[in-house]
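To find a chain, count down the sequence lines: A is the first, B the second, and so on, and within it residues start at 1. Computed from a prediction, not measured in an experiment: that's the story for all the values here.
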Amino acid sequence: MALAALSGTATRRRDHAGGMSAFERSRRRLYLPFVVPALLLHLVFVIGPTAAALWISFHRWDGVSPMEWTGLDNYTALLEDSTFRTALVNTLVILVVAGLAIFVISFVLTMIVRELRWKSFVRSVLFFPHIVSAIVLSIVWGFIFQHNGVVNTILDRLFGAEPIPWLNADNLFVMILIGTVWLSTGLYVTIIMAGVDRIPQYFYDDAQLAGASAFQRLRHVTLPLSWDVISVAAIFWTISSLKIFEFIYAFGGTTNDLPPPGVWNSALFVYGESFGGRSPSYLFGYASASAILMLGLFAFLVVGLRRLMRRDPIEF
Amino acid sequence: MSSEAGTLTTERGAGRGGPRSGRGAGTGQVPRRRRTGRPEPGRVVGRVLVWSFVAFNVLIFLFLITSSVKSTPDIFDAPWGLPTSLHLENWSNAWNESGFARATVNTVALAVAGSVSTLVVSAPAAYVLSRVRHRSAGPLSLFFALGLGIPAQVTVIPLFEMMSNVGLVNSLFGLYVLYTATHVPFTVFLLTGFMRSLPGEIEEAAAIDGASALRSFAQVMLPLARSGLVTVLILNAISMWNETLLGIVFLQSVDKYTLSLAVLNFLSSMQFSGADYGGLFAGVCILVLPMLLLYVWLGRRIVEGITLGAGK
C-alpha cells in the first residue's frame with residue numbers, strides 16, 4: 001500500500017513537471033458538470049433552508065400572514081418557556097445519559113461478543129433494530145410496558161407482582177431513555193467491534209506475557225488503540241441524538257395527539273410548535289428559533305468533543 | 001434513526017487504508033483468546049447478558065409476527081403464546097381496508113426512486129471531488145459534510161414554505177425530491193472517502209490507453225467502487241423506507257401516505273374504532289418484514305459497509 005502511494009505521487013509529480021496530462025485535463029473539465037447538480041441540491045434543500053430558518057427565527061410568522069420582525073424576542077421568550085427548557089434538558093439528558101450508557105454497554109458487549117463462536121450472528125441480531133423503523137420500535141416498546149401489557153403480565157404470572165405503572169408521567173421519559181439505549185446499542189457494538197478487531201493479536205499476547213490483567217489490557221491496549229473509532233462514534237452519536245424524533249413521537253399509546261410535553265426533545269418541540277398536534281400552533285418563528293438554538297449548541301458540543309477526544313494518532 | 005449511522009466511520013476507514021484494510025493482512029481474523037483453565041465469573045455474567053439481549057430482540061420479533069395473526073384479546077391474555085387460531089383477516093384488513101396496499105406502493109416507489117436518484121447525482125460529484133486536484137475540492141467536501149449535522153427539524157419549516165410555493169406539498173413527487181436532496185450530503189461524503197481510498201493506477205492505465213475521463217469514470221471507477229455504491233444505495237433506501245418526519249409534515253391525504261404514516265394513522269384511528277392490535281401488528285409487519293428480508297439477504301453487506309475499515 002505504501003509502495004503504491006509512493007509511486008502514485010511520483011507519477012503525479014512527473015505530470016506536474018510537464019504540465020497536466022491530457023487525461024488530467026479532461027478530468028478537470030468534468031469537475032463542474034459533475035459537482036454542480038449535487039451542490040445545487042445541497043444548497044437549495046439543506047444549506048438554504050438552514051439560513052432561511054435563521055432568518056425566520058427573528059420574526060413572528062404563522063406561514064400565512066406577512067412576517068413581522070421581532071429581533072431576538074423569540075430567543076428571549078424561549079429561555080423563559082418551561083416547555084422549551086424541559087425539551088432542552090431532555091435533549092441533553094438523551095445525549096449524555098443515554099450516550100454514556102450506550103458506549104459503556106457497547107464496549108462491554110463488544111469485548112464479550114468478539115470471543116463468542118456465534119459472533120457474527122449475535123452482532124447481526126443486536127444490530128437489527130437499527131434498520132427497523134423507530135416508529136415500530138416505539139409502538140412495541142410502549143405496548144409491552146402498558147399497564148396490562150406483556151411485561152406486567154409476565155411479572156404477575158411469575159411473581160404475582162402488582163402491575164408496575166411503567167408509562168405514567170414520572171416514568172415515561174426514563175422508559176424512552178432505556179428504549180433509546182436498546183435500539184442504538186447494536187449499531188455502536190458494530191462500530192466499536194470493527195475498531196477493536198483491527199488491533200493485532202500480538203499486542204494482547206505481549207500484554208499477557210507481561211502479566212497484564214484483563215482490566216490492564218483494556219486500559220493499555222484496547223482503549224488507546226481503538227480510540228479514533230470511539231471518538232468518531234461519539235461525534236456521530238452527538239449528531240444523531242439531536243435527530244431523534246420518531247421514537248418519542250410514537251411513544252405512549254394510542255392517542256392521535258403529541259406525547260406529553262414533559263418528554264419532548266428538541267425535534268418534538270419544533271414539530272409541536274409548528275405543524276404538530278390536534279390544533280397546530282404554526283409558530284414558525286418561535287419553532288425556528290428553538291431549532292437554531294439547538295443547532296448552535298450542538299455545533300459547539302461537536303467542536304468541543306473533537307478537541308476533548310483528540311489524541312496523537314497511534315500508528316500500528 | 002437514520003441510515004447515516006455509523007457509516008461515518010466508513011469514510012475515515014476507507015480514507016486511509018482502502019477497502020482492504022478491514023480485513024488487512026494480519027489484523028483481519030481475530031484469533032480466539034486461549035481458554036484459561038476456569039471460566040472467569042465476569043465472563044459468564046457477560047455472556048448471560050449478551051444472550052439475554054439477543055433473546056430479547058428475537059422474542060420481540062417473534063411477538064410481532066405471532067401477534068399479527070392473533071385476535072386482540074388473545075394478544076393480551078397470552079402475549080407469548082402461539083396463536084390458537086390464525087386470524088389472517090388482520091392482514092387482509094390491513095392490506096385492503098386500512099390503506100396499507102397503497103402505502104406499500106408509495107413507499108416502494110419513494111425508496112427506490114429516491115435512493116437511485118441520490119446515487120446518480122452524488123456519485124459523479126464524489127468522483128471529481130476525490131480525484132480532481134482543484135483548489136475548491138477540499139472545501140467543497142467539507143461543505144457537503146456540514147449537511148450531515150443539520151437535522152430535519154431545522155430545515156422543515158423553510159422547506160414547507162418553499163414546496164408550498166411551487167405546489168409540491170401533499171405530493172409524492174415533492175417528497176421524492178426532498179428525499180433525494182436531503183440524502184445527497186451523506187452520500188457524497190461517504191463516496192468521496194470511499195473513492196479516495198481506491199487505487200489510482202487502474203485509472204492511470206486507462207488514461208494511457210487513451211480513455212477519456214468520462215469513460216474512465218463510467219468503465220473504471222464505477223465498477224471499482226461498486227461495493228461502496230451498493231452499500232450507500234441500500235442504506236439510503238432503508239432510511240427513506242423508514243422516514244417519518246418529512247412524511248407527516250408534507251403528506252396530508254391518506255392515499256399518499258407512506259407505510260410509517262399508515263401505521264401511525266392506524267394507531268390513532270384505534271381511538272375511535274376500538275383497539276385492534278392484531279390489525280396494528282399486521283400493519284407493522286408490512287412495514288418491517290421487507291426490511292428483515294433485505295437484511296437477511298444483504299445484511300453482511302450492510303454491516304460490512306458500516307464497519308468497512310472503521311477506524312483508521
Side-chain angles (χ1 to χ4, degrees), chain A residues 4 8 23 26-28 30-31 34-35 37-38 41-42 45-46 49-50 52-53 109 112-115 122 124-125 127-128 130-136 140 148 150 153 187 190-191 194-195 197-198 200-201 228-229 232 236 239 242-243 245-246 254 256 267 270 274-275 284 287-288 291 295, chain B residues 1 5-6 8-9 12 26-27 30-31 33 46-47 50 54 57 60 76 79 121-122 124-125 127-128 132 134 144 147 149-151 153-155 157-159 181-182 184-185 188 199-200 207 212-213 238 242 244-245 249 260 263 267-268 270-271 284 287-288 291 295 299 303 306-307 310-311:
Chain A
F23 181 70
S26 88
R27 201 151 64 175
R28 214 166 226 279
L30 286 183
Y31 187 74
F34 269 29
V35 92
L41 286 180
H42 184 47
F45 291 94
V46 181
T50 307
L109 290 185
I112 298 161
V113 171
R114 66 194 290 267
E115 292 178 8
V122 169
S124 307
V125 175
F127 182 81
F128 182 61
H130 179 68
I131 62 160
V132 173
S133 162
I135 295 275
V136 170
V140 173
N148 54 352
V150 178
T153 308
L187 170 66
T190 307
I191 296 174
D197 275 358
R198 290 175 43 258
Q201 179 61 23
D228 51 352
V229 176
V232 173
F236 181 71
I239 293 174
L242 184 60
K243 297 181 180 173
F245 172 76
E246 286 94 338
T254 55
N256 62 345
V270 174
S274 54
F275 305 99
F284 283 177
S288 294
L295 183 64
Chain B
M1 289 284 101
L8 213 63
T9 49
R12 270 171 65 92
T27 64
V30 184
R33 196 76 45 77
R47 287 193 180 181
V50 167
V54 168
N57 281 1
I60 288 286
F76 283 98
V121 175
S122 306
Y127 171 68
V128 290
V132 176
H134 192 280
F144 277 111
I150 299 175
Q153 71 257 29
V154 174
T155 54
I157 291 170
L159 283 177
T182 51
V184 162
V188 169
S212 69
I238 293 173
N242 292 329
T244 310
L245 179 55
V249 171
S260 51
V263 167
L267 192 66
S268 61
M270 291 203 323
Q271 212 184 16
V284 161
L287 174 57
V288 172
M291 290 298 103
Y295 189 56
V303 172
I306 278 169
T307 59

A.B. asks: Do A:L242 and B:Q153 have side chains that get closer than 4.5 Å, going by heavy atoms?
C.D. replies: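 The answer is yes; the side chains approach within 4.5 Å.
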
A.B. asks: Please look at A:L30 and chain B and tell me whether the side chain, the backbone, both or neither of the residue comes under 4.5 angstrom of a heavy atom of that chain.
C.D. replies: both

A.B. asks: With chain A, which of B:G200, B:S260, B:P151 has the greatest number of heavy-atom pairs at distances under 4.5 Å?
C.D. replies: B:P151

A.B. asks: Do the side chains of B:T155 and B:T182 get nearer than 4.5 Å, heavy atoms only?
C.D. replies: no

A.B. asks: Look up atom CG in B:L267 and atom CD1 in A:I135, then write down how far apart they are to the nearest 0.5 Å.
C.D. replies: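 Result: 9.0 Å between the selected atoms.
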
A.B. asks: Does some side-chain heavy atom of A:I191 sit less than 4.5 Å from a side-chain heavy atom of A:L187?
C.D. replies: yes

A.B. asks: Has A:S26 got a side-chain atom pairing as donor or acceptor with B:A213's backbone, closer than 3.5 angstrom?
C.D. replies: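 Yes, because the side chain of A:S26 sits within donor-acceptor range (under 3.5 Å) of the backbone of B:A213.
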
A.B. asks: Between the main-chain N or O of A:A134 and the side-chain N or O of B:N242, is there a donor-acceptor pair closer than 3.5 Å?
C.D. replies: no

A.B. asks: Top residue by heavy-atom pair count (under 4.5 Å) with chain A, among B:V288, B:V284, B:V54?
C.D. replies: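 Ranked by contacts with chain A, first place is B:V54.
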
A.B. asks: Please classify the contact of A:V35 with chain B as side chain, backbone, both or neither, using a heavy-atom distance under 4.5 Å.
C.D. replies: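 Answer is both: backbone and side chain atoms of A:V35 are under 4.5 Å from chain B.
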
A.B. asks: Looking at B:I157, B:V121, B:V184, which one has more heavy-atom pairs under 4.5 Å with chain A than the rest?
C.D. replies: B:I157

A.B. asks: Picking from B:T244, B:V188, B:V263, B:I60, which has the most non-hydrogen pairs under 4.5 angstrom with chain A?
C.D. replies: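 Option with the top pair count is B:T244.
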
A.B. asks: What's the separation between atom CZ in A:F127 and atom OG1 in A:T190, rounded to the nearest 0.5 Å?
C.D. replies: 5.5 Å

A.B. asks: Give the member of A:L109, A:I131, A:L41 that has the highest number of heavy-atom pairs under 4.5 Å with chain B.
C.D. replies: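 Maximum pair count with chain B is reached by A:I131.
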
A.B. asks: Among A:S124, A:A287, A:S274, A:S288, which residue has the highest count of heavy-atom pairs closer than 4.5 Å to chain B?
C.D. replies: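 Answer, by heavy-atom pair count under 4.5 Å with chain B: A:S124.
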
A.B. asks: Who among A:F275, A:F34, A:F128 has the most heavy-atom pairs with chain B under 4.5 Å?
C.D. replies: A:F34

A.B. asks: I want to check something: taking the side chain as every heavy atom from C-beta on, are A:V132 and B:M291 in contact at a cut-off of under 4.5 Å?
C.D. replies: no

A.B. asks: Please state whether the side chain, the backbone, both or neither of B:F144 comes within less than 4.5 Å of a heavy atom of chain A.
C.D. replies: both

A.B. asks: Measure B:L287 against the heavy atoms of chain A and call it side chain, backbone, both or neither at under 4.5 Å.
C.D. replies: side chain

